[in-house]
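Start at 1 and go down the list; that is how both ligands and their atoms are numbered.
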Amino acid sequence: MSDLENNIQKLSSYLERFRTSGILNRIGGETVPAQSGETFQTHSPVDESLICNVAKGGAADIDAAARAAKEAFPAWRDMPAAERKKILHRIADRIVDRAEEIALCECWDTGQALRFMSKAALRGAENFRFFADKATAARDGQALPSSTLMNVTTRVPIGPVGVITPWNTPFMLSTWKIAPALAAGCTVVHKPAEFSPLTARILAEIAEEAGLPKGVWNLVNGFGEDAGKALTEHPDIKAIAFVGESRTGSMIMKQGADTLKRVHFELGGKNPVIVFDDADLDRALDAAIFMIYSLNGERCTSSSRLLVQDTIAEEFETRLTERVNNIKVGHPLDPKTEIGPLIHKTHFDKVTSYFDTARRNGATVAAGGRRIGEEGYFVHPTLFTGADNQMDIAQEEIFGPVLTSIRFGSEEEALQIANDVPYGLTGYVWTNDLTRALRFTNSLEAGMIWVNSENVRHLPTPFGGVKASGIGRDGGDWSFEFYMEQKNIAFATGQHAIPRLGAL
Ligand code: NAD
């Protein structure tokens with residue numbers, strides 16, 4: 001049996017229970033259908049077949065989940081942090097135990113290739129371990145004495161929070177948001193993306209098996225415009241951690257205004273990889289390819305604009321085209337596959353529409369620019385050359401395996417092009433000139449920049465974007481700043497003079 005056949009067989013056994021009972025919500029420790037009784041279907045992007053029915057939660061389900069999260073909050077907040085730490089480590093252990101199931105289900109649900117998803121499952125476990133270890137110090141503060149008062153600061157968890165996640169790497173992203181919330185002492189209502197509900201269900205199940213008290217983590221499936229919207233408007237939900245499109249972030253900000261929601265947004269990107277002619281071009285080529293064609297290009301940090309110096313552009317683009325044409329597109333459960341199908345017909349239509357846009361814009365389709373096969377949402381990895389930065393293909397987030405190459409002459413021009421987009425999530429700079437690297441990164445508008453490297457995450461570092469790419473940072477202590485409130489307590493150290501109004 002080939003590896004692919006073997007994986008398909010294993011997947012089938014993992015999916016059996018979803019086929020039989022569908023995916024229900026998890027509220028206050030109970031597995032429940034949507035109160036309306038409604039369901040929706042999730043399909044595989046590989047062959048468009050039905051995976052299972054999913055509870056279509058709405059405002060009533062969100063209300064029940066928010067109330068469960070509110071009720072569970074005081075006990076979870078007051079549980080000794082060392083106990084919370086143990087539970088979060090047990091969640092990580094169980095993720096590792098079920099990593100294969102998680103990876104196979106994620107691939108089938110999203111179309112992401114197994115070679116990346118097996119690592120994403122394990123990264124999810126690492127997210128839990130990292131924040132588990134930080135839980136015991138989350139409330140630490142400072143002593144700030146004045147001449148009359150001893151000021152002591154501490155942090156307290158903000159309360160029940162809503163977590164809204166997208167479909168591109170749903171498992172990893174859910175852990176990235178939920179682990180710090182729980183470590184901080186918050187309770188959670190999670191609304192996963194409607195296109196990819198499978199692994200969110202497995203994750204909630206793992207959490208309770210690991211000893212998480214009922215109601216601390218609630219899961220409501222459904223669509224953004226009803227379940228998602230209701231979550232952002234609910235008065236018992238104190239903050240919304242959101243990962244998704246910039247325009248959805250803007251809607252959430254409006255929806256949350258009446259209840260003064262604190263928001264944390266990780267949004268879209270149109271990230272440049274800038275290659276100067278003095279760079280290590282072999283490594284730059286590997287990194288540029290990896291950062292746009294891995295994860296089907298459905299990656300917020302993808303380097304979707306290549307800015308290449310005109311002195312080396314011809315040769316660099318020729319080598320790039322050759323490599324792009326060699327990328328293996330195939331079944332996501334085949335370990336050899338580098339690119340799987342795009343998640344959904346809606347997204348497939350959006351990505352493929354840019355093939356015509358590129359031609360209309362006047363760019364050259366140097367590779368790809370077409371779908372593969374008639375079944376499923378497979379597209380040929382695509383490269384546009386001869387582009388300028390004003391074209392739609394250079395300004396808009398395509399969110400697929402599609403790279404737009406733009407040439408530049410000078411460093412000043414490269415910087416101007418790099419910054420001339422609405423987004424500012426990441427930037428990748430390739431040069432061996434140290435002074436230029438320092439100068440360039442200082443002026444590049446992005447929340448995260450890598451020099452002579454692809455995106456390599458280090459969990460203590462701040463993760464997030466500027467401009468339309470987001471508000472706030474995750475990672476390290478920054479996550480706790482979002483999920484917790486600062487509190488200052490001032491103790492009088494003596495008999496300082498208190499103004500005596502009304503005294504004779
Ligand atoms: P999306 O904004 O369409 O949906 C994300 C989530 O928001 C889903 O759960 C959806 O149901 C929900 N939603 C939609 N409308 C809502 C509303 N009015 N109120 C509340 N919730 C609502 O995004 P997507 O298409 O699922 O994901 C792709 C996007 O996510 C891309 O733009 C990508 O760049 C971005 N992303 C960003 C990061 C990051 O860290 N910056 C990471 C991954 C993905």
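The ring pair (Phe, Tyr, Trp, His ring centres under 6.0 Å) with Phe348 is formed by just one residue from the set Tyr354, Tyr377, Phe195; it is Tyr377. Considering Thr110, Ile343, Leu173 as possible partners of Asn168, the one that fulfils the side-chain contact (heavy atoms from CB on, under 4.5 Å) test is Leu173.
Considering only non-hydrogen protein atoms, atom 41 (N) of ligand 1 sits nearest to Leu267 O, 2.7 Å. Gly224 O, 3.5 Å is the protein heavy atom nearest to atom 17 (C) of ligand 1. Of the protein's non-hydrogen atoms, Thr165 O, 2.8 Å is the one closest to atom 9 (O) of ligand 1. Protein heavy atom at the shortest distance from atom 15 (N) of ligand 1 is Thr248 CG2, 3.3 Å. Scanning all protein heavy atoms for the shortest distance to atom 40 (O) of ligand 1 gives Glu266 OE1, 3.0 Å. Atom 32 (O) of ligand 1 has its closest protein heavy atom at Glu397 OE1, 2.6 Å. In terms of protein heavy atoms, atom 23 (O) of ligand 1 is closest to Glu245 N, 3.4 Å.
Heavy-atom contacts of Pro192 reach the following atoms of ligand 1: 9 (O) (cutoff under 4.0 Å).
By the 4.0 Å N-to-carboxylate-O rule, Asp109 lies too far from Arg201 to be salt-bridged with it. In this structure, Arg26 pairs ionically with Glu208, as a charged nitrogen and a carboxylate oxygen lie closer than 4.0 Å. Salt-bridge formation is detected for the pair Glu205/Arg98: a Lys NZ or Arg NE/NH1/NH2 atom is positioned less than 4.0 Å from an Asp or Glu carboxylate oxygen. Taking 4.0 Å as the cut-off between side-chain N and carboxylate O, Lys214 and Glu30 do not count as a salt-bridged pair.
Across Ser469, Ala468, Cys300, heavy-atom proximity to atom 38 (C) of ligand 1 is greatest for Cys300.
For atom 30 (O) of ligand 1, a protein non-hydrogen atom is found at a distance below 4.0 Å.
Judged by distance alone, the side chains of Arg299 and Ser294 do bring a donor and an acceptor atom under 3.5 Å apart.
Close to ligand 1: Phe242, with a non-hydrogen atom less than 4.0 angstrom away. The closest approach between a heavy atom of Phe195 and any atom of ligand 1 is not below 4.0 Å.
Classified by interplanar angle (parallel below 30°, tilted 30° to 60°, perpendicular above 60°), the ring pair Phe355/Phe384 is perpendicular.
Residue Thr232 places no N or O, backbone or side chain, under 3.5 Å from any N or O of ligand 1.
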